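Worksheet: the structure to be examined is printed underneath.
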Amino acid sequence: QVQLVESGGGSVQAGGSLRLSCAASGSTYSSYCMGWFRQAPGKEREGVAAIEFEGATSVADSVKGRFTISRDNAKNTLYLQMTSLKPEDTAMYYCAAIRRGGGYCLRLPAWGEYNYWGQGTQVTVSS
């Protein structure tokens with residue numbers, strides 16, 4: 001079992017930055033593929049980024065160049081650095097985990113392919 005707790009959300013003006021964190025506990029975190037998702041009201045959930053336990057990443061085209069996913073395996077923590085934020089980035093952001101490697105993360109797995117999910121943290125970007 002893995003427990004995931006997101007933090008770092010908040011309100012920011014367009015052009016600003018936020019760093020989200022996802023603290024993991026309960027299992028061998030370093031062997032997990034980790035991902036970030038977001039869902040805005042009335043919209044489908046979107047995969048934002050994913051990272052292999054060795055550090056290789058995949059990022060959605062919608063945020064490429066603005067968002068960076070990273071992880072600190074020693075601290076069992078996943079991060080999402082978001083810069084140049086836009087109002088359309090407003091959403092609930094979730095982290096997710098699955099015990100898979102070998103490039104599994106690099107195809108940006110869908111929400112249902114993960115085994116564990118956090119409760120989310122809200123990001124609101126005002127114009």
Side-chain angles (χ1 to χ4, degrees):
Q1 287 286 344
V2 174
Q3 293 79 44
L4 302 173
V5 179
E6 302 94 337
S7 62
S11 297
V12 64
Q13 289 192 326
S17 300
L18 281 174
R19 189 177 78 158
L20 306 184
S21 299
C22 172
S25 61
S27 187
T28 308
Y29 168 79
S30 62
S31 62
Y32 281 76
C33 161
M34 305 290 295
W36 285 102
F37 291 81
R38 65 184 182 184
Q39 188 166 23
K43 294 188 176 181
E44 291 189 359
R45 189 179 294 114
E46 175 188 17
V48 174
I51 184 167
E52 295 266 308
F53 64 85
E54 303 97 338
T57 64
S58 181
V59 181
D61 288 342
S62 59
V63 302
K64 196 166 290 183
R66 299 189 300 120
F67 290 13
T68 302
I69 186 171
S70 62
R71 64 194 292 168
D72 185 333
N73 291 337
K75 295 182 178 180
N76 285 1
T77 304
L78 174 72
Y79 302 101
L80 185 68
Q81 179 69 49
M82 305 185 294
T83 63
S84 301
L85 282 161
K86 305 174 181 179
E88 51 263 43
D89 295 318
T90 294
M92 185 72 78
Y93 284 73
Y94 302 88
C95 64
I98 182 170
R99 193 166 188 172
R100 292 286 296 271
Y104 187 85
C105 260
L106 301 184
R107 60 181 184 83
L108 214 59
W111 177 263
E113 295 181 85
Y114 286 86
N115 295 137
Y116 306 99
W117 304 268
Q119 295 299 307
T121 186
Q122 178 68 39
V123 172
T124 302
V125 184
S126 58
S127 57

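What you are looking at is a predicted structure, and each value in this text was computed from that prediction instead of being measured. Reckoned from all heavy atoms, side chains included, excluding hydrogens, waters and symmetry mates.
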Side-chain donor-acceptor contacts of residues 40-49 below 3.5 Å, not counting sequence neighbours, with atom names and distances?
from, atom 1, to, atom 2, distance (Å)
Arg45, NH2, Gln39, OE1, 3.4
Glu46, OE1, Arg38, NE, 2.8
Glu46, OE1, Arg38, NH2, 3.2
Glu46, OE2, Ser62, OG, 2.6

Exercise for review: Take Glu88 and Val125 through the test side-chain contact (heavy atoms from CB on, under 4.5 Å) and record every step on the way to the result.
Suggested key: CA-CA 8 Å; Glu88 51 263 43; Val125 184; over 6 Å; no
Look up atom [atom1] in [X] and atom [atom2] in [Y], then write down how far apart they are to the nearest 0.5 Å.
X: Glu6; Y: Cys95; atom1: CD; atom2: SG; answer: 4.0 Å
X: Glu54; Y: Cys105; atom1: CD; atom2: SG; answer: 9.5 Å
X: Leu20; Y: Ile69; atom1: CG; atom2: CD1; answer: 10.5 Å
X: Asn115; Y: Gln1; atom1: CG; atom2: CD; answer: 9.5 Å
X: Gln119; Y: Leu4; atom1: CD; atom2: CG; answer: 9.5 Å

Heavy-atom donor-acceptor pair, [X] side chain to [Y] backbone, under 3.5 Å:
X: Asp89; Y: Val123; result: no
X: Thr83; Y: Arg66; result: yes
X: Thr121; Y: Ser7; result: no
X: Arg71; Y: Glu52; result: yes

Exercise for review: Check whether any side-chain heavy atom of Gln81 lies under 4.5 Å from a side-chain heavy atom of Ser17, and answer yes or no.
Suggested key: yes
Check your understanding: Heavy-atom distance under 4.5 Å between the side chains of Gln13 and Leu85, does that happen here?
Key ->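 No, too far: nothing below the 4.5 Å cut-off.
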Exercise for review: Under the salt bridge (Lys or Arg N to Asp or Glu O under 4.0 Å) rule, collect the residues that match up with Lys64, sequence neighbours excluded.
Suggested key: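 Partners of Lys64 by the salt bridge (Lys or Arg N to Asp or Glu O under 4.0 Å) criterion, ordered by chain and then number, come out as Asp61.
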Review point. Does one hydrophobic cluster hold both Leu18 and Met92, with members joined at side-chain heavy-atom distances below 4.5 Å?
Key: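 Each belongs to a different hydrophobic cluster.
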Exercise for review: Decide side-chain contact (heavy atoms from CB on, under 4.5 Å) for Leu80 and Met82; before the verdict, give the C-alpha distance in whole Å, the side-chain angles of both, and the deciding distance to 0.1 Å.
Suggested key: CA-CA 6 Å; Leu80 185 68; Met82 305 185 294; 3.9 Å; yes
**Study point:** Heavy-atom closest pair, residues Ser58 and Leu106
**Key:** OG-O, 3.1 Å
Exercise for review: Could you give me the CA-CA distance, side-chain angles and deciding distance for Ile51 and Leu78, then say whether side-chain contact (heavy atoms from CB on, under 4.5 Å) is met?
Suggested key: CA-CA 9 Å; Ile51 184 167; Leu78 174 72; 3.6 Å; yes
**Study point:** Pairwise ring-ring contact (aromatic ring centres under 6.0 Å, His included) hits with a residue in residues 106-126, at least two apart
**Key:**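 For residues 106-126, and leaving out neighbouring residues, the ring-ring contact (aromatic ring centres under 6.0 Å, His included) pairs sorted by first residue read Phe37-Trp111, Phe37-Tyr114, Tyr94-Trp111, Trp111-Trp117.
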